[in-house]
Amino acid sequence: MPSYDPNNIFAKILRGELPCYKVYEDDKVLAFLDIMPRSPGHTLVLPKAPARNILDIGADHLTHVVATAQKVAKAAMKAFSADGITIHQFNEGAGGQVVFHLHVHVIPRKAGVTMKPPASEKEKPDVLAEHAKKLAAAIEAA
Ligand code: DGP
């Protein structure tokens, strides 16, 4: 497996070199909206530690990422009046991974509504800003 590339797009977001629609942050993780959401509220949860994917992350960091994904999922159920949550996490190109800093997708779902295809359409900035605010408030209130 290739080594971690510190110039991947999510590493730049983590360093504050690129913007994001943040929904949650602590000393070990950052969660922000996917700019090409498969459904409203589609969130990515990342460790701050430099890990390419599940194959090289330390177990302690992975545990915190998963706990944060759960926190985001519970808040998203309320914030987006969801009926369920889909969790995705891809590893290496063959596993569907496109951006090589570990991330967990948290995707709120409505009964009977199909997800958009992956990375098919960029959401409008004002919609993403409103969704991030709503989800961040639900996480804060939990
Ligand atoms: P994957 O590595 O297959 O889990 O897909 C990467 C996801 O990241 C995909 O759903 C689209 C999203 N994405 C790509 N570029 C950006 C970006 O610059 N900002 C944000 N927030 N999401 C991005």
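Each ligand, and each atom within it, is numbered from 1 in the order the structure gives. In this text, all values refer to a predicted model and were calculated from it rather than measured experimentally.
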Regarding ligand 1, does [X] bring an N or O atom to under 3.5 Å of one of the ligand's N or O atoms?
X	answer
Phe90	no
Gln97	no
His105	yes

Given Asn8, Leu44, Val98, identify the one with the heavy atom nearest to atom 2 (O) of ligand 1.
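It is Val98 whose heavy atom sits nearest to atom 2 (O) of ligand 1.
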
Out of curiosity, is [X] lining ligand 1, as in a heavy atom under 4.0 Å away?
X	value
Gln89	no
Gly96	yes
Tyr21	no

How does [X] reach ligand 1, if at all, at less than 4.0 Å between non-hydrogen atoms: by side chain, backbone, both, or neither?
X	result
Ile35	both
Phe100	neither
His88	neither
Leu18	neither

Can you say whether the rings of His105 and His42 are parallel (under 30°), tilted (30 to 60°) or perpendicular (over 60°)?
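Answer is tilted, since the angle falls between 30° and 60°.
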
Tell me, which protein residue and heavy-atom name are nearest atom 8 (O) of ligand 1, and how many Å apart are they?
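The answer is Phe10 CZ, 3.4 Å.
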
More than 12 non-hydrogen atoms from neighbouring residues, nucleotides or ligands closer than 6.0 Å to CD on Glu140, yes or no?
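No, not enclosed.
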
Do the non-hydrogen side-chain atoms of Ile87 and Ile107 ever get within less than 4.5 Å of each other?
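Contact flag for Ile87/Ile107 side chains = no.
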
Taking ring pair (Phe, Tyr, Trp, His ring centres under 6.0 Å) as the criterion, tell me which of Phe32, Phe80, Tyr21 meets it with His131.
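By the ring pair (Phe, Tyr, Trp, His ring centres under 6.0 Å) criterion, His131 pairs with just one of Phe32, Phe80, Tyr21: Phe80.
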
Met36: numbered ligand 1 atoms lying under 4.0 Å from its heavy atoms
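Answer for ligand 1: 11 (C), 14 (C).
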
Can you find a side-chain donor-acceptor pair between Asn53 and His103 that sits under 3.5 Å?
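There is no such pair between these side chains.
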
Within 45 degrees of the axis of the six-membered ring of Tyr4 and under 6.0 Å from its centre: does Arg52 put its NZ or CZ there?
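Because its charged atom misses either the 6.0 Å distance or the 45° angle limit, Arg52 does not stack over Tyr4.
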
